[in-house]
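This report concerns only the one structure given below.
Whatever order the structure lists ligands and atoms in, that order sets their numbers, starting from 1. Residues take their numbers from the sequence shown, with the count starting at 1.
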Amino acid sequence: MRPDQFRAPRERKPDPNMKMRPGDLLETLRIVWQASPRHTLMYAATSLLSSALPAANLYVGKLLLDEVAQAAQGNVTYQALLTLLSFQVGLTVLGSLLSTFQTTAQQLLGDSLQHSVSRRILDKASGLSVESFENADTYDKLQQAYREVGTRPLGVAMQLIGLIGAVVTLVSVGALIARLGFWVLPLVLLASLPGVWVSNRFGVENYRMLRWQTHDARVQNYLGSLLTSDTLVKEVRLFGFEPYLLRRWREYYLGFRKQLEDIVRRRALWGFGASLLSALLIGLASALILRRAAAGQISVGDFSVFILGIAQVQGTVSGFLSGISGIYQNLLYMRNLFEFLELPDRDLDAGETWSGPIHTIEFQEVGFRYPLTDRDVLKGVNFTVTRGQALALVGENGAGKTTIVKLLTRLFEPTSGRILLNGLDATRFSPRSVQREMSIIFQDFGQYQMSVRDNVAIAEVQRLDDVPGVETAIDRAGAEYVDTLPDRLNTPLGRLFQGGRQLSGGQWQRLALARLYFRDASVLVFDEPTAALDARAEFETMEALREQARERITFLISHRFSTVRLADYIIVLDGGVVTEAGSHSELLARNGKYAALYNLQASGYASEPPTPARAQPV
Ligand SMILES: Nc1ncnc2c1ncn2[C@@H]1O[C@H](COP(=O)(O)OP(=O)(O)OP(=O)(O)O)[C@@H](O)[C@H]1O
C-alpha cells in the first residue's frame with residue numbers, strides 16, 4: 001500500500017465521468033440474453049402475462065360484487081355466482097403458476113449471469129498488466145465490478161421487463177378506473193408521484209455516496225484486516241498499535257456515518273412532505289367518486305374498482321418510476337463494469353515468439369518511471385551478462401534493484417533505452433514467450449493455499465503431474481521437511497482452508513525456491529532468496545545456485561554480502577543510477593561505496609562483541 005492511500009477520510013468529489021452512455025442499456029441486455037436466452041425469454045413472458053392479471057382480477061371482482069348486490073334483490077342465480085367465482089379462482093391459480101415459473105427463470109438466469117459476468121471480469125483481470133494492479137483507480141474498478149456482479153446486470157434486465165409490465169398494468173387498470181370519472185385517474189396517478197420522486201432522488205444519491213466511498217471503504221477494510229490477520233497478530237500485539245488502527249478505522253466509519261446521517265435526515269423530511277401531498281390528492285379523488293355514488297351513478301363493484309385500483313395504480317407507478325431510477329443506478333454500475341472491461345489489455349502474446357535459451361542480456365541506457373509518477377527510478381542503466389554468469393544487484397532500499405528485475409522479466413517496459421536478448425531488441429518478442437525462459441523467486445513470493453505439489457508445479461502448469469520433477473526441485477531447494485508432512489506432496493498448505501498445514505517463513509521460502517527450480521529456464525532471478533533462511537539453508541541455497549548458474553544467467557538481489565560476493569559481476573545502484581560495477585575483488589580494490597558497505601557488514605561479524613557492563617553492587 002502506498003503512503004497516499006493512508007490518509008484521513010476526506011470529501012471525495014463525484015467522478016465526472018460517471019455517466020451512463022446510450023449504448024449501455026443495449027449492451028447490458030445483450031449480456032443478459034447471451035447468458036441464457038431460454039431463461040430470459042421465460043422470465044420476460046411470465047412477467048408480462050402476470051402484469052395483465054391485476055386488471056383481470058379487479059374486473060372479475062367488480063362483476064362478482066355487482067352480482068352479489070343484484071342477488072340481494074333475488075335477480076341472480078347461485079349458478080351465475082359460482083361461474084364468476086370459478087373465473088376468480090382460475091385467475092389466482094394462473095397467477096401462482098406464472099409466479100412459480102417467473103421465480104425459477106429468475107434464479108437460473110441470475111446464476112448464469114453471475115457466472116458469465118464473473119468469467120468476463122476474471123478473464124479481463126488475468127489479461128491486465130501488473131501496472132494496472134498497481135493503479136488504485138483500476139483496482140477500485142475491479143473490486144467494485146467483482147463485488148456487485150451477482151446483482152446488477154440481472155437488476156437491469158428485471159427492471160426493464162418490470163417497466164414494460166408496469167405499462168401493461170397501468171394501461172389495463174387505468175382503463176377500468178378512467179370509466180369512473182374524468183379526473184379520477186389523473187388524480188390517482190398524480191398522488192403516486194411525490195413519494196416516487198423522493199425515493200428516486202435519494203436512491204441515486206445513496207448510490208453515488210457508496211461509490212465515492214469505495215476507496216475509503218477499502219482503506220477501512222484494510223485497517224480492519226490488520227486487526228484480524230493471523231500473520232500480523234504478533235507484530236500488532238508487540239508494537240501495540242491496535243488502538244491506533246482502531247482509531248483510524250473509526251475515523252473512516254465516522255466519515256461514512258456523517259454522510260449517511262445527512263442523506264437519511266433529508267430523505268425523511270422530503271418523504272413526509274411527499275406523503276402529505278399524496279394523501280391530499282387521494283382525498284380529492286375520493287370526494288369526486290363519492291359525489292357520483294351519492295347521485296347513484298356508480299355501482300358497488302365500480303367503487304371497489306376505485307378503492308382497490310388506487311393501491312394498484314400507486315404501487316405500479318411507484319414500481320415504474322423506481323424501476324427507472326433502479327435501471328439508472330444499475331447502469332451506473334454497468335458503466336463501471338464496462339469501463340473496467342474496456343481497460344487496455346496488455347497482450348502478452350503480441351510480437352514474435354521467442355524460442356530457445358537466452359545467452360546474453362544487455363541493458364542499454366535503460367531508464368524507467370512508474371506510470372502516474374514524476375520521478376525516474378532508473379537512469380541510464382548499462383550492463384551485459386552472459387550465460388554462465390551470475391550478476392548481483394546491490395544498493396540501499398529503494399535504489400531500483402527490483403525495478404530492474406521487473407523490466408528484465410517484461411512485467412514493465414523501459415521508458416527509455418532498450419534491453420537486448422542475444423543481441424535482439426526484447427520488445428520484438430512477446431512478453432509471455434520471453435517470460436517462459438525465466439524463473440524467479442520474488443521478495444514477496446506467493447504462499448499458495450494449495451498442496452505442496454501445486455505450490456511447486458504451478459511454475460509450469462502443463463507439468464502439474466510431473467511428480468519426479470517436483471521431487472527433484474524440492475531436493476534442490478533443500479525442502480526435505482516435505483517428507484515429514486502427513487500427506488507429503490499432497491499435503492494442503494496454509495491456514496485458509498481446513499486441514500491446511502502452516503509452514504514457517506523459511507519453509508515457505510524453500511518451497512518458492514523449488515518452484516523456481518521446477519521451471520526449466522535459462523534465466524534465474526533470485527530477489528532476496530535467502531532472507532528467511534537459516535545459515536545452513538542459506539549456504540545450501542548458494543551452493544545450489546552456483547551449480548545451476550553454470551548453464552544459465554543468474555540475477556541475484558541480496559543485502560547479504562556473503563551471498564553477493566559469490567556473483568561474477570556486481571552492479572551497485574544508488575538512486576536508480578549504476579555507480580560501480582565489477583567483480584567482488586575489483587570493487588573491493590576500488591575502495592568505493594561497495595567496499596564501504598562490505599566492510600561495514602564484515603566488521604559486524606569480525607568485531608569483538610561489546611563487554612557487558614558489570615552490575616554494580618548497590
Ligand atoms: N509500483 C510502484 N509505483 C511507483 N513507484 C514505485 C513502485 N514500485 C517501486 N517504486 C519506487 O521505485 C523505487 C525503486 O524501487 P525498487 O523496489 O526497485 O527498490 P529496491 O532497490 O528493490 O528496494 P529494496 O531493497 O527495498 O527492495 C523506489 O523509490 C520505490 O518507491
Is Glu362 salt-bridged to Arg418, going by a charged N under 4.0 Å from an acidic O? no
Within 45 degrees of the axis of the six-membered ring of Phe445 and under 6.0 Å from its centre: does Arg515 put its NZ or CZ there? no
Show which atoms of ligand 1 fall inside a sub-4.0 Å distance from at least one heavy-atom site of Thr402. 17 (O), 18 (O), 20 (P), 22 (O), 27 (O)
Note: heavy atom closest to atom 15 (O) of ligand 1, options Thr403, Leu393, Thr373, belongs to Thr403
For Gln443, counting its heavy atoms only, list the atoms of ligand 1 lying under 4.0 Å from any of them. 27 (O)
Atoms in ligand 1 flagged as close to His559, the criterion being non-hydrogen separation under 4.0 Å: 25 (O)
Is the closest basic N to carboxylate O distance between Glu205 and Arg208 below 4.0 Å? no
Pair Glu342 + Lys141: basic N to acidic O under 4.0 Å: no
Ligand 1-proximal atoms of Val377, by part, heavy-atom distance under 4.0 Å: side chain
Check whether any N or O atom of Ala399, backbone or side chain, sits under 3.5 Å from an N or O atom of ligand 1, and answer yes or no. yes
Can you tell me if CZ on Arg119 sees more than 12 non-hydrogen neighbours from other groups inside 6.0 Å? no
